[in-house]
Novice: 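Sending over a structure as structure tokens; questions will come in a sec.
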Amino acid sequence: MGDDSNQPLTSPTMNTYTEAVKEFTKNATAFIEQLPLLTKARGAYEQAMRASTEMRKVLDTSDENLRTLMTQLEKTINLQELKFGADKKPAEPAKVETMKRTGEGGGRDYRWP
């Protein structure tokens, strides 16, 4: 009866292990080297989101101010229409005055009536 735990690893198993360790080390090292890019990307993303939120606040406030002003304008116009509508009298025909000639002869002396 033999003890298999003390036998040396077979060559194919050792080669598989060695290649896997090399592959892991290479890829993990390359990934770690790129971590600063991930940090920079995240920082830029957060900065863009803060700016976007700020722009939305400014636009929302501006839109609300515009709506309020437009509402005031509409109310003012409606009040004026009501006021002028109540004060209106029937229109009278316009009187046309003619100019009268003041002098005899060829002069151009005119006066208002």
Side-chain angles (χ1 to χ4, degrees):
M1 196 183 228
D3 188 356
D4 288 337
S5 62
N6 289 333
Q7 290 182 356
L9 294 176
T10 61
S11 183
T13 304
M14 187 59 164
N15 287 342
T16 301
Y17 173 79
T18 301
E19 287 303 314
V21 168
K22 284 181 186 176
E23 186 69 16
F24 170 79
T25 301
K26 178 179 90 174
N27 290 313
T29 301
F31 179 75
I32 289 169
E33 288 171 355
Q34 301 306 314
L35 284 178
L37 293 177
L38 180 60
T39 301
K40 287 179 183 179
R42 183 157 189 86
Y45 167 80
E46 289 172 355
Q47 185 179 16
M49 294 308 290
R50 281 192 302 272
S52 174
T53 299
E54 216 31 59
M55 284 190 308
R56 278 190 190 89
K57 271 193 235 177
V58 168
L59 289 172
D60 287 346
T61 300
S62 181
D63 287 354
E64 187 58 36
N65 290 340
L66 287 173
R67 281 189 207 97
T68 300
L69 181 58
M70 189 61 177
T71 300
Q72 289 173 346
L73 286 171
E74 289 171 342
K75 285 180 182 177
T76 301
I77 289 169
N78 287 338
L79 287 175
Q80 286 178 353
E81 286 175 358
L82 288 174
K83 180 181 174 188
F84 289 130
D87 291 346
K88 267 191 178 176
K89 297 176 184 167
E92 294 180 14
K95 293 182 182 177
V96 178
E97 302 274 341
T98 57
M99 295 179 73
K100 295 181 182 174
R101 193 165 200 173
T102 59
E104 296 289 328
R108 295 188 177 197
D109 299 321
Y110 291 97
R111 68 175 174 81
W112 290 103

Novice: Scan side-chain atoms only and decide if Ser52 and Arg56 contain a donor-acceptor pair under the 3.5 Å cut-off.
Specialist: yes
Novice: Does this structure show an ion pair linking Arg50 with Glu54, if we count only N-O contacts that are shorter than 4.0 Å?
Specialist: no
Novice: When you compare the side chain of Gln72 with that of Lys75, does any pair of heavy atoms fall below 4.5 Å?
Specialist: no
Novice: For residues 25-35, which side-chain donor-acceptor pairs fall under 3.5 Å, sequence neighbours excluded?
Specialist:
residue	atom	partner	partner atom	Å
Thr25	OG1	Val21	O	2.8
Asn27	ND2	Glu23	O	3.0
Asn27	ND2	Glu23	OE2	2.9
Thr29	OG1	Thr25	O	2.7

Novice: Rounded to the nearest 0.5 Å, what separates atom OG1 in Thr76 from atom CD in Glu81?
Specialist: 11.0 Å
Novice: Would the number of heavy atoms belonging to other residues, nucleotides or ligands and lying under 6.0 Å from CD of Glu46 be above 12?
Specialist: yes
Novice: With distance as the sole test, does Ser62 use its side chain to make a donor-acceptor pair with the main-chain N or O of Val58 at under 3.5 Å?
Specialist: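 Checked: no pair found.
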